[in-house]
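Below is one structure, written out as structure tokens; the observations come after it.
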2 protein chains.
Amino acid sequence: MLLTMRDDEELGRITLAQVAEKAGVSISTVSKVLNGRQDVAAPTRVKVERLLETHAYRRTTRAAREAPLIELVFHELDSNWAMELIRGVENVAKAHQASVVLTESGTRHAPGPEWIEGVLQRRPLGVVLVFSALPAEVKQQLHSRAIPFVIIDPAGDPDPDVPSVGSANWSGGVAATRHLIESGHRRIGIITGPDDMLCSLARLDGYRSAMSMAGLETDPALVQYGDFHVEGGYDRAMKLLALPERPTAVFAGSDLQALGTLEAARVSGLRVPHDLSVVGYDDVPVARWSSPALTTVHQPLRQMAEEAVHMLLRLRAQELVTTRLELATSLIVRKSTAPPPE
Amino acid sequence: MLLTMRDDEELGRITLAQVAEKAGVSISTVSKVLNGRQDVAAPTRVKVERLLETHAYRRTTRAAREAPLIELVFHELDSNWAMELIRGVENVAKAHQASVVLTESGTRHAPGPEWIEGVLQRRPLGVVLVFSALPAEVKQQLHSRAIPFVIIDPAGDPDPDVPSVGSANWSGGVAATRHLIESGHRRIGIITGPDDMLCSLARLDGYRSAMSMAGLETDPALVQYGDFHVEGGYDRAMKLLALPERPTAVFAGSDLQALGTLEAARVSGLRVPHDLSVVGYDDVPVARWSSPALTTVHQPLRQMAEEAVHMLLRLRAQELVTTRLELATSLIVRKSTAPPPE
């Protein structure tokens, strides 16, 4: 193991020998802890971890790996986004002869302790987390091993101290709504996401601004909060279509909610786009396959994943300054929108 | 490194020392080759590989890994199946404290040479390949390192000497067709997959047998070969709907082809299921989300992936005898089928 040890404790830095001395263990034990080995008693490990943390120990160089890995962590894999993101990470990893280790954490609140142990043993080039947070302890563990991490956060709500890649949700909301206004719609419903997610609020604000810029009022009855899923979209669309004065167009906030809206139109005997226009959000593959194909806001998921890996590699090379990257969204017009019925 | 060396060359087996002697290199060089290390000159590596192969060297035990890996290889990740399979592999891997390394080979004809080098260095518990073949050389490399592999092959066309998991395509074709016949349909079109894939032929044969068992003739004009994609399904469905005597139902051979068929019905002014019944195949998530939701044949993709990992672990433990597992398919009735119009 190659370690460059610096003797600059005055700057809060500490050498392995100093950690070993303070912890009352051997240097080899400290080294085992650093490498995530399990043959160290838990109390010793905790003691050493704390010293590394307190003194902000940073491994400054390391042995080159022959089979480099990039860790990719999802909180859930059934998201319709997951495949696009996986492909983006795979693309860039492959170009750098790295392989991708995929983990589903099962929770938005960071992967479990076995995960971090495995990561410390595998010593990856870096970690990409999708839409998930990391507890301070885990951040410090990665930091002290010089393993960089980046969060891909389409919801636009990352921790401020964490490098992240997102996309322009507010602009997407404006573009979707403007397209409907320019097609002649005046009564436009919106189904946004959960009210505790920044991306939902940004898209809704984009909708409101576009309405207001066109001199249109926003009827509160036309605003629904959904859950980004098909069934939720169906329920909210049924509510909108049951209004005494129903909207002639719905900005559905996600492609899955747009699919639910298509089904709500079908069971209500409305033809899309003749009787009702529908705009999705995300541009996942299913948006092209629905009947009719969805007009939607393209979120460049694959490119976001690619940028996240580039960011990792630049963090490793200590080249990176910017730690929040926001990619542009764009409107894709397909067949689910048309002028309102006469 | 723990290696049990056997001295039973008469049985075609050979020890590392014997390989080293024959190759004129040190035992440590042979060991480096076995572990996929790159600091061995290529001609030496090839010579040692050949000797290992010729003498059918098998590593019979190994050091326990602290962070075990399972390799999962897809030929392409944009398949609609991929996510279900990934989740199945993740489920079982997680239960065994293993992580999953994901690779997209980009070709049906096995991953490239960098891949096998990486695998030999990572020393995974085993390799799961989706719908892909392995050249004899790679099989032998894995075999000599005692790294088991299993192919998940929904197309039902695996190499006979390779452990594999598939599903019952013929029975699925019978079930889909029978459901339409029992709903009262007599003129039933089929869009199957490519004519060089066994799964397409098995589903088509299932359709023909169900028709014949019901005393119905199969009009060759009602049989179309597709490509399993949405656009292909659309094109073939347009042909079926343009027939002088059009079918009242279409067994679309895959969910994506069924989506194309829904779109063909829409642009032809036909309502599904009132004017036209449609049955898919696979039961990928989008089948639930289409409008109307698809009646389809459930292929237990996640379970197939889970079984593939179980099979790997049993191969490692040398418990396994059966090497071809075929899981049952089942019909899921949703909203895209109904009796034919009067």
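Lettering of chains follows the sequences in order, A, B, ..., and the numbering in each one begins at 1. Bear in mind the structure is a predicted one, so any value in this text is a computation, not a measurement.
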- Kindly assign one of parallel, tilted or perpendicular to the pair B:Tyr281 and B:Phe251, based on the angle between their ring planes and the thresholds 30° and 60°. tilted
- Message: My understanding is that only residues two or more places apart in sequence, or in another chain, count here; which of them pass side chain to side chain contact (heavy atoms under 4.5 Å, CB included) with A:Val267?
- Response: A:Tyr234, A:Met238, A:Glu263
- Item | Contact class of A:Pro292 relative to chain B, heavy atoms under 4.5 angstrom | both
- Message: Surrounding NZ of A:Lys94 (heavy atoms of other residues, nucleotides or ligands, distance under 6.0 Å), is the total greater than 12?
- Response: yes
- Query: Side chain, backbone, both or neither: which part of B:Val286 has an atom under 4.5 Å from a heavy atom of chain A?
  - Reply: side chain
- Query: Is A:Gln257 reaching over with its side chain to a backbone N or O of A:Asp227, donor-acceptor style, under 3.5 angstrom?
  - Reply: yes
- Looking at B:Gly233, B:Ala293, B:Ala265, B:Ser291, which makes the most heavy-atom pairs under 4.5 Å with chain A? B:Ser291
- Between A:Leu256 and chain B, which part of the residue has a heavy atom less than 4.5 Å away: side chain, backbone, both or neither? side chain
- Please look at A:Val284 and chain B and tell me whether the side chain, the backbone, both or neither of the residue comes under 4.5 angstrom of a heavy atom of that chain. neither
- Query: Non-hydrogen atoms of chain B under 4.5 Å away: do they reach the side chain of A:Val230, the backbone, both or neither?
  - Reply: side chain
- So does A:Arg334 pair up with A:Asp283, basic N to acidic O under 4.0 Å? yes
